[in-house]
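One-based numbering, in listed order, for ligands and for the atoms of each.
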Amino acid sequence: MNNALTILGSSSAIPTKTRNTTAQFLLFQSDKILIDCGEACINRLVRYKLPFDQIKYIFISHLHTDHILGLPGLLGSFALRNREKPLTIFSPQGLQEIIEPLVGPTMVQPYELNWQVVDTTVSQVILDENDYTVSTIPLAHRVPTAGFLFREKVKPPNVKKEAIQKYNLSIDQIKALKEGKEIFDTSGQMMDSQTLLIPPQPAKSYAFCSDTMYLESIIHHVKGVDLLYYEATYLHELKDLAKARGHATAYEAALTAQKAQVKKLLMGHFSTRYTDMTAHELEAQQVFANSFAVEDGHTYEV
Ligand SMILES: [Zn+2]
Ligand SMILES: [Zn+2]
């Protein structure tokens, strides 16, 4: 799997026997990424044998405790293990001020730790890597909250090996073809580049939306993504309670997926009043067939 998402927690504010609070480990274009960090997140990372020392970026959606309480423990573990690799944490304003006193002045982080504040009111690119970008998705919750959109960059096409041999293509010609330029054969005839190229794989994308109530503007931001994670704290019979608490229902998650024409929907952040998520899946699948309730410890391909 090139890109893979492992669920570390899919319960809402309180953990259950089988579900921890929100956290996800994302392998994206060989980078190791943590999304949200509910309490005892380090415990889940160890249990699922994930390479947590290699986490390069942490993205925190908002400052509710069920999304950040695992950070002191995780940063403490990094310090104790003499981590050297730099770490960048993206979050809404205020996270550094909460976490640093908890980690304590005695536990100096022996590596470069960068705190990046994100604006939760606009969608903008906050990370531009060689082969992917990360953008914010403004969400509607009780406190400033951002979702995150991970999108691969489109790779240049490859030139067919047989074509290189058959036409004895030079390095400059191969480079020109990859850049979409025209090339000419020895007689000066323009060559048909389409027969020489292997088209690139489509760029993959993953959108993380938790916590949020139903919001039409999200649809535009997650249009056509390969994988959408959307919170479904409640079933739709509790839609008024969901709205009052800044949360969504399984029906609303599916409606977002259907309107945005995504390829697959994962639902999580379940209220502890539910022990079996079959009803969530049935409710969602009536609107958007490719809907699933996540389980802690499961890995999903992006
Ligand atoms: Zn939450
Ligand atoms: Zn919240």
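Among the candidates His269, His247, His141, the single residue satisfying the ring pair (Phe, Tyr, Trp, His ring centres under 6.0 Å) test with His64 is His141.
Asn3 and Glu152 share a side-chain donor-acceptor pair at under 3.5 Å. In this structure, a donor-acceptor pair under 3.5 Å is absent between the side chains of Ser170 and Asp172.
Summary: OD2 is the N/O/S atom of Asp211 found nearest to the Zn ion (ligand 2). Between the Zn ion (ligand 1) and the N, O or S atoms of His269, the shortest distance is to NE2.
Between Lys181 and Glu179, at least one side-chain nitrogen of the basic residue sits less than 4.0 Å from a carboxylate oxygen of the acidic one, meeting the salt-bridge criterion.
Distances from the Zn ion (ligand 2) show that His64 has an N/O/S atom below 2.8 Å. None of the N, O or S atoms belonging to His62 lies under 2.8 Å away from the Zn ion (ligand 1). For the Zn ion (ligand 2), the N/O/S atoms of Asp66 include none lying under 2.8 Å.
Counting heavy atoms from C-beta outward, Glu129 and Lys56 have side chains that approach closer than 4.5 Å.
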